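Residue numbering restarts at 1 for every chain, and letters A, B, ... go by the order of the sequence lines. This structure is a prediction, so every number in the text was calculated from the model and none was measured.
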2 protein chains.
Amino acid sequence: MSLVGYHWLMSFDRDHVLHAAAELLTRKATATMEEVARSAGISRATLNRHFAGRDALVRALEELGIAECEAALEAARIEDGAAAGAVRRLICEIQPCAGLLAFLYSENQLFEGEKQNAGWFRIEERLTGLFRRGQENGEFRIDLSATWLAEALYGLLAAGSWAVIEGRVARNDFTHMIAELLLGGATRRDES
Amino acid sequence: MSLVGYHWLMSFDRDHVLHAAAELLTRKATATMEEVARSAGISRATLNRHFAGRDALVRALEELGIAECEAALEAARIEDGAAAGAVRRLICEIQPCAGLLAFLYSENQLFEGEKQNAGWFRIEERLTGLFRRGQENGEFRIDLSATWLAEALYGLLAAGSWAVIEGRVARNDFTHMIAELLLGGATRRDES
DNA sequence: ACTGAATGAGTCATCCATGTCTCACTTGAA
DNA sequence: TTCAAGTGAGACATGGATGACTCATTCAGT
């Protein structure tokens, strides 16, 4: 049947293509459509058949990033328990798509138009809500705004991804480094 | 005399052009040479007379960024006194060129060639040296590598610049936000 | 007033990424 | 086997950014 399942050929895997594109574009944001196609193991023609232009590809990556972000927010159950633990779980869950987020984060054209994706607002809301909750129950300091903490999390995720890609830090330390710096800071603590 | 001082016309100010380009490219990394020229108040022809192509302009911006970074490192006297205070002074001094750094930081093509500027190595060395000093004298925790702390500083500077540009946080809070988060983290501290 | 240097505006050719199209081939389903 | 869908390779036209060029104008110094 042509309606139920359209999977005669397995050579094109939309999800695989998107992830390959994300992986490449994270390292080289100016990569050619040809390069993106080759990195996914398909031809430029096929890539253009499924994504009408570079812009459409970036938009699809944006959707993917938002979806994975919200999935991470769900999996981390950020509304449960202590805020600090929630942040740790979130960073752990979000690690697989950190590279994609770093690319989207640097793609500032996504945010300058008037038709920006509402998904970012939802994520921003939940994220700032998490930090605000931590501030209200006394876990987090209040002199750093929840908005800034959310923004800093993005920045640290991007910096961490780049550092891992360039081999400056070990991939296994990714979660620990970001979570500890964001939550505890660099200064040594005598308590605990 | 044509050898001593070449400043007959004041209409072209190399430093002003570079700073205008930095300011624009920070917001829109894909800006046209025409747009860059207009943002500096000069024509595209003149821009091309002084910078042979976009690549040369980016390289000049790289040089400017490195120079301002090292100037900030000097002005902050990062070798003096407590490491935490040195970091605060450094962030304060580096604030004016944070936008430029954010742009260069996202221009990953600068770091993939084999002919990358040695200035970054010098800065990286001094920066990691600062954090290592803090670790060795017990100020900073040792489970976060000095390399990562330096990388995180870059990431936070970039995130802070963007947040200011987009109006998410106040420009006056820039130094305080970055320094406090990097040094103290988000978690509330009961000691002073 | 004169001269030379530098600029601004405009034009032109070139390059490169992109999008579209065609055609032969492969593959799964009937 | 037959057929239709999907793919890969290649050719083609297009658009936009870029760099080089010309020419009139402006301005500083003499």
Enquirer: Within a radius of less than 6.0 Å around CZ of A/Arg38, do more than 12 heavy atoms belonging to other residues, nucleotides or ligands occur?
Expert: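 Atom CZ in A/Arg38 is not crowded, with 12 or fewer foreign heavy atoms closer than 6.0 Å.
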
Enquirer: Are side-chain heavy atoms of B/Glu125 and B/Leu127 found at a separation under 4.5 Å?
Expert: no

Enquirer: Quick one: A/Asp55 CG to C/dG19 C1', roughly how many Å, whole number?
Expert: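 From A/Asp55 CG to C/dG19 C1': 14 Å.
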
Enquirer: By nearest heavy atom, map A/Arg49 and A/Ala31 onto DNA chain C; which one lands nearer the 5' end?
Expert: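 Residue closer to the 5' terminus by nearest nucleotide: A/Ala31.
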
Enquirer: Taking atom C1' of D/dG6 as reference, at what distance in whole Å does atom CG of A/Leu47 sit?
Expert: 15 Å

Enquirer: Without decimals, in angstroms, what is the distance between B/Arg38 CZ and C/dA9 P?
Expert: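 Value for this atom pair: 6 Å.
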
Enquirer: Rounded to whole angstroms, how far apart are CG on B/Asn48 and C1' on D/dT22?
Expert: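 After rounding, the reported distance stands at 15 Å.
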
Enquirer: What is the separation between atom CG on B/Leu57 and atom P on D/dT18, rounded to the nearest whole Å?
Expert: 10 Å

Enquirer: Name each donor-acceptor pair under 3.5 Å that joins a side chain in residues 18-26 of chain A to protein atoms two or more places apart or in another chain, with its distance.
Expert:
from: A/His19; atom 1: ND1; to: A/Asp15; atom 2: O; distance (Å): 2.9
from: A/His19; atom 1: NE2; to: A/Glu68; atom 2: OE2; distance (Å): 2.9
from: A/Glu23; atom 1: OE1; to: A/Arg27; atom 2: NH2; distance (Å): 3.4
from: A/Thr26; atom 1: OG1; to: A/Ala22; atom 2: O; distance (Å): 2.6
from: A/Thr26; atom 1: OG1; to: A/Gly99; atom 2: O; distance (Å): 3.0

Enquirer: Report yes if at least one side-chain N or O of A/Ser43 is closer than 4.0 Å to OP1 or OP2 of D/dA9; otherwise report no.
Expert: no

Enquirer: Remember a base hit wins even if backbone is also touched, and classify A/Arg54 as base, sugar-phosphate or nothing at under 4.0 Å, heavy atoms.
Expert: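 Since only primed, P, OP1 and OP2 atoms lie under 4.0 Å of A/Arg54, the category is sugar-phosphate.
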
Enquirer: To the side chain of A/Met33, which of C/dG19, C/dT7, D/dG19 is closest?
Expert: C/dG19

Enquirer: As a test of reading the structure: which of D/dA17, D/dG19, C/dT20 is closest to the side chain of B/Thr32, going by heavy atoms?
Expert: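 For the B/Thr32 side chain, the nearest candidate turns out to be D/dA17.
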
Enquirer: Rounded to the nearest Å, what distance is computed from the CD1 atom of residue A/Ile42 to the P atom of nucleotide D/dA9?
Expert: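 Roughly 11 Å, once rounded to whole Å.
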
Enquirer: Is there a side-chain polar atom (N or O) of A/His50 under 4.0 Å from OP1 or OP2 of D/dG6?
Expert: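 For D/dG6, neither OP1 nor OP2 has a side-chain N or O of A/His50 closer than 4.0 Å.
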
Enquirer: Tell me: CZ of A/Phe51 to P of C/dT18, nearest whole Å?
Expert: 15 Å

Enquirer: Sort out for me which residue in B/Trp148, B/Tyr154, B/Tyr105 forms a ring pair (Phe, Tyr, Trp, His ring centres under 6.0 Å) with A/Trp162.
Expert: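 Running ring pair (Phe, Tyr, Trp, His ring centres under 6.0 Å) over B/Trp148, B/Tyr154, B/Tyr105 with A/Trp162 returns exactly one hit, B/Tyr105.
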
Enquirer: A/Arg44 has a side chain; which of D/dA11, D/dA9, C/dG8 sits nearest to it?
Expert: D/dA11

Enquirer: Under a 3.5 Å distance rule, please check whether B/Arg89 uses its side chain to pair with a backbone N or O of B/Arg77 as donor and acceptor.
Expert: yes

